[in-house]
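Note sheet for the following structure.
Computed from a predicted model, the values in this text were never measured in an experiment.
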Amino acid sequence: MPRDYPIEKTRNIGIIAHIDAGKTTVSERVLFYTGVSHKIGEVHEGDTVMDWMVQERERGITITSAAITAFWTPMGLSKEKKNEHKFNLIDTPGHIDFTVEVKRSMRVLDGAVVIFDGVAGVEPQSETNWRYADEYGVPRICFINKLDRLGASFERSFQSILERLTPNAVRMQIPDGEEDKFTGVVDLLSMKFFTFEGANGEQVIEGAIPENLKEEAKKYHDILIEKVVEQDEQAMSDYLDGKEIPEAKLKEIIRKATIDNKITPVFTGSALKNKGVQLMLDAVVDYLPSPADLPPVKGIDPKTNQEIFREFKDEAPFSALAFKVATDPYVGQLTFFRVYSGSLQSGSYVLNTISGETERISRILRMHANDRVDIKEVLAGDIAATVGLKATRTGDTLSDESHPIILEKITFPEPVISLRIEPKTKADQEKMSLSLKKLSDEDPTFRIKTDEETLETIISGMGELHLDILVDRLKREFGVGVNTGRPQVAYKETIKGTSEAEGKYIRQSGGRGQYGHVWLRVEAKERGEGFEFENAIKGGVVPQEFVPAIQKGVKECLDKGVIAGFPLVDLKVTVYDGSYHEVDSSEIAFKIAASTALQEGVKRAKPIILEPVMKVEVIMPDKFMGEITGDLSSRRGRIEQMNDRGTLGLKVIDSKVPLSEMFGYATTLRSLTEGRGNFTMEFSHYEEVPNNIAQLIIEGKK
């Protein structure tokens, strides 16, 4: 089937930002200007297309990333099909509890628009999202939004990008006025001035640069040209010879440098006031890559374990990455996937190279947030969804059965907070486990386990809000009534020393007995390095066939530490000696011996409890500074820096605080600051718990 749009005119882009920077507002403008929606939805009115979940509309935040397809003709070109570009747009959440949505979207996007609040500039979640984009090498452009707000400053926000994110940011525009005087933007490349008129800013009016901006525009135009010609030897040589470099050539250089992550163009505007969004869409076309601009995707051949590559071509063997699983009340389980190579028709079969199962693709859907359009075929570079895949989870690779490939998986952060959950009635009991499984299939950072001692169901996630929304979805979407217990922090245990221990399991009961005997060495590893097992047995003192059983015994023992029963992490276990019996030795005997030795070894190796520590940023008027710093210190917080935010007398405190001390902090902060303070929190690292607190945890008081 021929393509509707050449691959060069396709853009797979994500809109990413800190919570409240205006991502969904920007996305709604994009949908309006591209003709997907005929009315602009507003977050504060709860009628946006992208935030379609009840929980999103009630809270005014994005929880799940919504995918939508739109078509854009760059300004100045006639609105013919040949000039249209196809955008697959993903609007991602900004709240740290839903960071998984950003991470998995980053894995499949070719480019991103990073939105910043013109008052706050770079915020904590902006840094986390930027790091994810760096991890996957995603080219970006920046959009400094909300320039109409009181306290907004383009220059201050731009400097925060240079200082905290990348020295490669370049101004592509400067604003005319700020706050309520913000009227339009100067394009520094073409040296033109743009204003936005009409009921929804749909008329972009080009004019001469106002007199008061000419000198500033000239200064920043020269800085921009210098930055750009540095990226190209020929252009540099022409520039030094005093030659005029054509605008088209400059755009070409910026595009290449943006795709190579050597330049990050910065644009500005106010989405709420309908200013600057169309110019940002043109920038997506001009500077962000199409799938054809990217190198072939790398994968592993599951048969040979060799590295192989697939080109972004329709005629190449089919390969795709399932990056999101969602439960839809009308069609059942939806699997979103990004096609890297080849094409896929509805009714065909594909191989899931991770599970080894063959799956039938019954329907292919193009998504419009929560609306669906059936399509017959999807081609290289596209993002689509399918229904009814049985064995496919987030991060699995789907490929042609005769040309299997495993694409790079997505790694997800570990949950940091847990809740006890129980069904309200007998009828709820049967539905609860099924519904929880559906939710955990959707969200890889949501875990469910049963406590073996108390037989309680424990759910774990990325934060209080994350679990709060999942419990709310259980009630509304799945009709399951549940009671929840106080959140439990995900503590872990580790060791600080090294020790050796012997484990013996000998049973004689007439006839064949049981005999297992091992010596283990237990050593501490650096924080975050995980578990390592080494086999150092020499001379066959323990036959090799029993080593896997020893490893299994050790691994099973890691789930329950020796101090308070929390999982053991960051240690190395070496089996170096032991003995066996010709007749009585068995796998089960060695497994039990290994677990006994490990517990003994850990007890001798200075075991400690670790707790999750959060990066907390508090913003409040400066008159409350004393109360807030005092309160953070009383929560065992370490204050790292204090800064001013804008000209409004706001202070920002960056600190590291243990998660166990942060429950209910929102309420405390409101009462300490007359409701004028707010904070953001994200996971930073694990560190040792002080002795007095460890004692309380052990006694079960925490």
Side-chain angles (χ1 to χ4, degrees), residues 300 302-305 352-357 391 393 406 409 414 437 440 447-455 458 492-495 497-525 529-607:
I300 301 287
K303 293 174 186 164
T304 61
N305 271 344
N352 180 330
T353 48
I354 304 292
S355 68
E357 304 273 335
R393 300 283 166 268
I406 297 174
K409 277 185 80 76
E414 285 293 309
K437 183 175 183 320
S440 76
R447 311 275 166 86
I448 312 148
K449 69 171 195 220
T450 304
D451 187 306
E452 286 172 14
E453 286 179 6
T454 60
L455 297 178
I458 310 285
K492 292 189 181 347
E493 293 183 23
T494 189
I495 53 172
T498 300
S499 73
E500 294 179 350
E502 179 184 30
K504 268 187 178 175
Y505 182 70
I506 301 168
R507 288 283 179 277
Q508 286 306 135
S509 54
R512 187 177 167 182
Q514 295 283 3
Y515 185 96
H517 174 217
V518 292
W519 276 93
L520 300 179
R521 185 180 305 112
V522 185
E523 301 162 68
K525 292 187 78 174
E529 281 188 4
F531 165 70
E532 185 189 339
F533 179 82
E534 189 185 328
N535 171 14
I537 285 175
K538 303 264 188 326
V541 289
V542 173
Q544 285 303 315
E545 68 254 32
F546 294 128
V547 173
I550 295 170
Q551 186 172 356
K552 200 171 177 193
V554 167
K555 269 195 164 164
E556 283 179 8
C557 217
L558 294 177
D559 290 342
K560 219 164 178 48
V562 298
I563 311 177
F566 299 116
L568 274 160
V569 293
D570 304 334
L571 72 160
K572 179 181 176 180
V573 177
T574 308
V575 53
Y576 66 91
D577 201 359
S579 62
Y580 74 105
H581 188 281
E582 291 284 354
V583 179
D584 291 353
S585 281
S586 66
E587 287 193 358
I588 189 78
F590 273 102
K591 194 172 143 185
I592 295 168
S595 60
T596 312
L598 182 78
Q599 284 198 318
E600 193 50 48
V602 168
K603 279 178 191 163
R604 295 178 192 170
K606 300 181 190 155

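- Taking CG of Leu558 as the reference point, atom NZ of Lys492 lies at 11.5 Å (rounded to 0.5 Å).
- You'll find the side chain of Ile300 stays beyond 4.5 Å of the side chain of Thr353, heavy atoms only.
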Tell me which donor-acceptor pairs under 3.5 Å the side chains of residues 535-555 have, and how far apart each pair is, sequence neighbours excluded?
from: Asn535; atom 1: OD1; to: Ile537; atom 2: N; distance (Å): 3.1
from: Asn535; atom 1: ND2; to: Gln544; atom 2: OE1; distance (Å): 3.0

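- Sorted by first and then second residue, the pairs that involve residues 592-603 and meet side chain to side chain donor-acceptor pair (under 3.5 Å), not counting sequence neighbours, are Glu600-Arg604.
- Put simply, the side chain of Ser499 gets close to the backbone of Gly601: a donor and an acceptor are under 3.5 Å apart.
- Closest heavy-atom contact between Ala597 and Gly503: CB-N, 3.6 Å.
- If you take OG1 on Thr494 and NZ on Lys525, they are separated by 10.5 Å, rounding to the nearest 0.5 Å.
- The structure places SG of Cys557 at 11.0 Å from NZ of Lys591, a figure rounded to the nearest 0.5 Å.
- Of all heavy-atom pairs between Tyr515 and Ser585, the closest is O-OG, 3.0 Å.
- The two atoms that bring Ala391 and Ser355 nearest to each other are O-OG, 3.7 Å, heavy atoms only.
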Show which side-chain atoms of residues 562-570 pair as donor or acceptor with protein atoms under 3.5 Å away, not counting sequence neighbours.
from: Asp570; atom 1: OD1; to: Gly528; atom 2: N; distance (Å): 3.3
from: Asp570; atom 1: OD1; to: Glu529; atom 2: N; distance (Å): 3.3
from: Asp570; atom 1: OD1; to: Gly530; atom 2: N; distance (Å): 2.8
from: Asp570; atom 1: OD2; to: Gly528; atom 2: N; distance (Å): 3.0

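- How far OG of Ser579 is from NZ of Lys504: 6.5 Å, rounded to the nearest 0.5 Å.
- Interatomic distance, Ile592 CD1 to Arg507 CZ, rounded to the nearest 0.5 Å: 8.0 Å.
- Taking every heavy atom of both residues into account, Leu520 and Tyr576 meet most closely at C-CE2, 3.7 Å.
- Atom-to-atom distance recorded for Lys572:NZ and Thr498:OG1 is 10.5 Å, nearest 0.5 angstrom.
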